[in-house]
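Right, one structure below, let's go through it.
Here, residue 1 is the first one in the sequence, and each next residue gets the next number.
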Amino acid sequence: MSSTASALIRLKSAQKSAKGVSLYSRFVNRPAGRYLAAGAYRLGLTPNHVTLISAAFSFAAVAVAALAVPTWTAGLVVWLGLAVGFAFDSADGQLARLRGGGSAAGEWLDHVVDCAKITALHTAVLLTFYRHPGHFGTEADGWLLVPLGFQLVAVVTFFGGLLTEQLKPKAAPGDGGPPSAARAVALLPVDHGVFCLVFLLLGGGSDFRWAYTVLAVAAALFLVAFLTKWFRELSAVRR
């Protein structure tokens with residue numbers, strides 16, 4: 001058996017819980033990351049190398065979104081870069097588990113890259129709305145508040161979820177029962193992989209603007225629900 005096939009078998013049995021994970025991440029991004037992690041393992045790469053590869057794809061896509069003329073081809077390139085970057089983002093943690101565990105520095109690097117990616121991506125949308133108002137129908141300055149608001153929501157969600165994870169007591173393996181299919185479907189609007197798909201509409205002008213706005217509203221509604229849930233859970237924690 002090849003080292004890649006052996007790594008895939010080991011990775012399949014060492015997946016994180018699917019609880020609280022959307023259908024896209026569970027059935028698309030994690031499996032893609034598994035193959036990338038197995039390939040990286042065979043090449044002798046470290047999780048930090050994989051994190052930096054993820055950053056390279058993601059920020060190249062951000063640069064295209066911000067600076068290129070918004071065409072259908074540019075949208076395809078942006079989506080592809082973001083999707084591949086997201087798959088490598090899944091692969092770094094899987095590779096760490098395959099190698100027997102990651103490091104605090106590696107986890108820190110992963111979170112810093114994720115936060116920078118979130119911030120930069122919505123900034124890129126703001127810039128392209130500003131540079132091409134005729135294409136997107138964003139002549140009214142109020143449309144520029146949409147990416148600013150989406151960025152705020154995304155950063156607060158990221159930070160709030162990360163802080164909640166650190167403050168809550170660690171659950172024992174297997175706690176919480178099987179993953180909910182309904183929840184996996186409900187989380188699709190706030191899955192990063194689904195968000196990346198909206199860039200396929202970049203050449204469509206107003207179609208992109210409205211699809212992006214709908215996801216921004218969904219993210220804001222989910223943030224209210226998340227904050228309420230997290231605050232309630234942490235209220236029972238004594239430190």
Side-chain angles (χ1 to χ4, degrees), residues 7-8 11-12 14-66 76-99 101-125 150-151 153-166 184 187-200 215 219 222:
L8 283 170
L11 281 167
K12 191 171 183 179
Q15 291 295 295
K16 294 168 66 176
S17 170
K19 185 177 174 61
V21 176
S22 86
L23 286 180
Y24 180 93
S25 286
R26 183 178 177 184
F27 293 110
V28 179
N29 202 58
R30 282 188 177 180
R34 189 158 63 238
Y35 280 94
L36 292 173
Y41 181 76
R42 184 172 185 178
L43 292 173
L45 300 180
T46 68
N48 287 350
H49 290 144
V50 175
T51 299
L52 294 176
I53 293 171
S54 170
F57 275 101
S58 298
F59 288 111
V62 167
V64 173
L76 178 61
V77 171
V78 173
W79 166 75
L80 187 60
L82 292 175
V84 173
F86 190 36
F88 272 108
D89 186 31
S90 174
D92 59 7
Q94 297 193 55
L95 178 60
R97 289 191 292 278
L98 185 60
R99 289 164 54 97
S103 66
E107 186 174 358
W108 174 86
L109 179 64
D110 183 40
H111 289 320
V112 167
V113 169
D114 284 345
C115 188
K117 176 177 63 179
I118 292 169
T119 307
L121 191 50
H122 294 294
T123 300
V125 175
F150 205 160
Q151 182 184 72
V153 167
V155 170
V156 172
T157 301
F158 177 81
F159 179 76
L162 188 62
L163 189 57
T164 301
E165 185 180 329
Q166 295 299 315
L187 287 171
L188 282 172
V190 287
D191 187 285
H192 183 69
V194 173
F195 170 68
C196 295
L197 289 170
V198 79
F199 287 91
L200 291 172
L215 288 180
F222 269 91

Show the numbers, then the answer: is there a side chain to side chain contact (heavy atoms under 4.5 Å, CB included) between His192 and Leu121? CA-CA 11 Å; His192 183 69; Leu121 191 50; 4.0 Å; yes
Would you sort out whether Leu80 and Phe57 count as a side chain to side chain contact (heavy atoms under 4.5 Å, CB included), showing the intermediate values? CA-CA 9 Å; Leu80 187 60; Phe57 275 101; over 6 Å; no
Given side chain to side chain contact (heavy atoms under 4.5 Å, CB included), test Thr119 with Gln151 step by step and report yes or no. CA-CA 6 Å; Thr119 307; Gln151 182 184 72; 3.4 Å; yes
Check the pair Asp114, Phe158 against side chain to side chain contact (heavy atoms under 4.5 Å, CB included), reporting the backbone distance first and the verdict last. CA-CA 9 Å; Asp114 284 345; Phe158 177 81; 3.8 Å; yes
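When all heavy atoms of Ala219 and Val190 are compared, the closest pair comes out as CA-CG1, 3.9 Å. The minimum heavy-atom distance between Cys196 and Leu82, with the atom names listed, is SG-CB, 3.5 Å. Across all their heavy atoms, Asn29 and Ala83 have their closest contact at OD1-O, 4.4 Å. Val78 and Ala61 make their closest contact through O-CB, 3.5 Å (heavy atoms, listed as atom of the first residue, atom of the second, distance). Annotation for Val62 and Ala120: closest pair CG1-O, 3.6 Å, computed over non-hydrogen atoms. When all heavy atoms of Ser58 and Gly85 are compared, the closest pair comes out as OG-CA, 3.6 Å.
With values rounded to the nearest 0.5 angstrom, Leu188 atom CG is found 11.0 Å from Tyr24 atom OH. To the nearest 0.5 Å, atoms CG (Asp191) and CZ (Arg26) are separated by 13.0 Å. In this structure, OG1 on Thr51 lies 5.0 Å from CG on Leu109, to the nearest 0.5 angstrom. In this structure, the separation between CG on Leu95 and OG1 on Thr46 is 7.5 Å, given to the nearest 0.5 Å. Expressed to the nearest 0.5 Å, how far CD1 of Ile118 lies from CZ of Phe150 amounts to 10.0 Å. For the atom pair OG (Ser103) and CG (Asn48), the distance works out to 5.5 Å, reported to the nearest 0.5 Å.
In this structure, the side chains of Val153 and Phe222 stay at 4.5 Å or more apart for every pair of heavy atoms. Looking at heavy atoms from C-beta onward, Ser25 lies in side-chain contact with Phe86 at the 4.5 angstrom threshold. In this structure, Leu45 and Ile53 have side chains that are in contact, with non-hydrogen atoms separated by less than 4.5 Å.
A perpendicular orientation is assigned to the rings of Phe199 and Phe195, their planes being inclined by more than 60° (bins at 30° and 60°).
Using modelled atom types and a 3.5 Å distance limit, the side chains of Ser54 and Asp89 yield no donor-acceptor pair.
Although no hydrogens or angles enter the test, the distance criterion places a donor-acceptor pair under 3.5 Å between the side chain of Gln94 and the main chain of Arg30.
For Phe59, the CZ atom sits in a packed shell: over 12 heavy atoms of surrounding residues, nucleotides or ligands are nearer than 6.0 Å.
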